[in-house]
Amino acid sequence: MGAKELWLIRHGESEANVAALRAERSGAEVVEAPARDADVALSELGIEQARAVGTWLRENAHQGVPTSAWVSPYVRARQTLGAAMAEAGLELEPRQDERIRDRELGILDLLTSLGVDVRYPEEAERRRVRGRIAPRARGRADDRAWRRPGCRHPLNT
C-alpha cells in the first residue's frame, strides 16, 4: 500500500541563511557562504527550530506519527531530521534521496539582491515583474496559471 499522507518539512535556519541576511543588511553584493551549499550546517536557531518540530510531533503523536522519512543529502536537511526525530523519540531509518535538494541558482548563486541589480540588471527587472521564482504551469516556464484573480504563487509569498 502507498502513502496515505505526506508531510513536508523544510530545514531549519542555516548558517548560509544567517550569512545572507548579514550580507543583505551590510549592502554587500556577495554572500560569504561558510561552506559548499550541500555542506552548510544549521545555525543555533535552526537547531532550535528542528527540535521544535520534534516537540510538536511528540505532543501530537495521538494524531499519528511518520512511519518513514526521506531526506536530502544536504547537511542542514539531515541535521533537521535528526534533531526532530531525536526530540520526538522516533527511531526511523531515513532514506536519503539526491533528488530532494535546494533549487540551484546558477550565476545568481551567492548574490544578494544588490548583487543581482548591479551584475545582472535584466534579471533584476524580470524578478521585479515576475517574482523571484518563475512558476511552471503544465511543465512550461510561464506564469499564466497564476494570473487568475485571487491566485498567488506559493513560492513567491
Side-chain angles (χ1 to χ4, degrees), residues 1-21 23-24 30-58 60-61 63-113 115-116 119-120 123-124 126-127 129-148 151-157:
M1 180 178 2
K4 292 182 180 181
E5 219 173 22
L6 176 65
W7 298 7
L8 300 174
I9 300 171
R10 184 165 160 75
H11 63 79
E13 180 189 70
S14 73
E15 291 175 350
N17 295 139
V18 173
L21 184 58
E24 288 284 353
V30 178
V31 176
E32 297 296 326
R36 184 179 72 102
D37 192 36
D39 298 327
V40 171
L42 291 176
S43 68
E44 289 182 31
L45 176 60
I47 293 168
E48 289 177 32
Q49 292 168 333
R51 288 182 183 140
V53 169
T55 299
W56 185 89
L57 287 169
R58 186 182 65 246
N60 292 279
Q63 296 178 27
V65 295
T67 56
S68 65
W70 293 70
V71 67
S72 162
Y74 284 37
V75 168
R76 58 189 174 269
R78 294 191 331 258
Q79 286 179 313
T80 299
L81 178 63
M85 295 296 105
E87 190 70 28
L90 295 174
E91 294 184 24
L92 299 174
E93 188 63 40
R95 298 177 196 168
Q96 191 168 291
D97 192 320
E98 185 73 31
R99 296 171 295 177
I100 306 170
R101 58 186 174 168
D102 215 340
R103 65 190 183 277
E104 295 174 357
L105 299 175
I107 60 173
L108 303 181
D109 195 29
L110 298 178
L111 293 181
T112 63
S113 298
V116 175
R119 298 170 188 212
Y120 302 100
E123 176 60 15
R126 188 203 62 77
R127 290 171 103 182
V129 172
R130 296 189 67 185
R132 288 186 60 203
I133 300 170
R136 295 190 180 273
R138 297 188 194 134
R140 296 184 311 243
D142 64 31
D143 62 355
R144 287 178 286 177
W146 301 104
R147 288 187 183 169
R148 290 174 283 171
C151 287
R152 291 182 54 184
H153 191 279
L155 298 177
N156 287 337
T157 56

Donor-acceptor pair, Arg76 side chain versus Asp37 backbone, under 3.5 Å?
-> yes
Output the distance between atom CG (Leu81) and atom CG (Leu92), rounded to the nearest 0.5 Å.
-> 7.5 Å
Side-chain donor or acceptor of Thr80 paired with backbone N/O of Gly12 under 3.5 Å = yes
Heavy-atom closest contact (Glu98 atom, Pro73 atom, distance) = OE1-CG, 3.6 Å
Any donor and acceptor pair, going by atom type alone, linking the side chain of Arg78 with main-chain N or O of Val71 inside 3.5 Å?
-> no
Kindly say whether Leu42 contributes a backbone atom to a donor-acceptor pair with the side chain of Gln79 at under 3.5 angstrom?
-> yes
Taking everything shown except Glu91 itself, do over 12 heavy atoms lie less than 6.0 Å from its CD?
-> no
Taking all heavy atoms of Val53 and all of Ala84, pick out the closest pair and write down the distance.
-> CG1-CB, 4.1 Å
Is there a side-chain contact between Glu123 and Leu111 (heavy atoms, below 4.5 Å)?
-> no
Tightest non-hydrogen contact, residues Ala16 and Val31, listed as O-CG1, 4.5 Å
Determine whether more than 12 heavy atoms belonging to other residues, nucleotides or ligands lie under 6.0 Å from atom CD of Glu44.
-> no
Answer whether the closest heavy-atom distance between the side chains of Leu108 and Arg127 falls below 4.5 Å.
-> yes
What one should report as the nearest heavy-atom pair of Gly131 and Arg126 is O-NH1, 3.7 Å
Any side-chain heavy atom of Leu45 within less than 4.5 Å of one from Gln49?
-> yes
With the threshold set at 4.0 Å, does a side-chain nitrogen-carboxylate oxygen contact exist between Arg51 and Glu48?
-> no
Interatomic spacing from OH in Tyr74 to CD in Gln96 - rounded to 0.5 Å = 11.5 Å
Sub-4.5 Å side-chain heavy-atom contact between Asn17 and His11 = yes
Would you check if Ser72 and Asp97 make a side-chain contact, meaning some heavy-atom pair closer than 4.5 Å?
-> no
Which atom pair, heavy atoms only, marks the closest approach of Gly64 to Trp7?
-> O-CH2, 3.6 Å
Under the 3.5 angstrom rule, does the side chain of Glu24 hit a backbone N or O of Ser113 as a donor-acceptor pair?
-> yes
On a heavy-atom basis, the closest approach of Val75 and Val40 is CB-O, 3.7 Å
Do side-chain atoms of Thr112 reach the backbone of Ala23 as a donor and acceptor pair under 3.5 angstrom?
-> no
Glu13 versus Ser43, side-chain donor and acceptor atoms under 3.5 Å = yes
Hey, mind stepping through Asp39 and Glu15 against side chain to side chain contact (heavy atoms under 4.5 Å, CB included) and telling me if it holds?
-> CA-CA 10 Å; Asp39 298 327; Glu15 291 175 350; over 6 Å; no
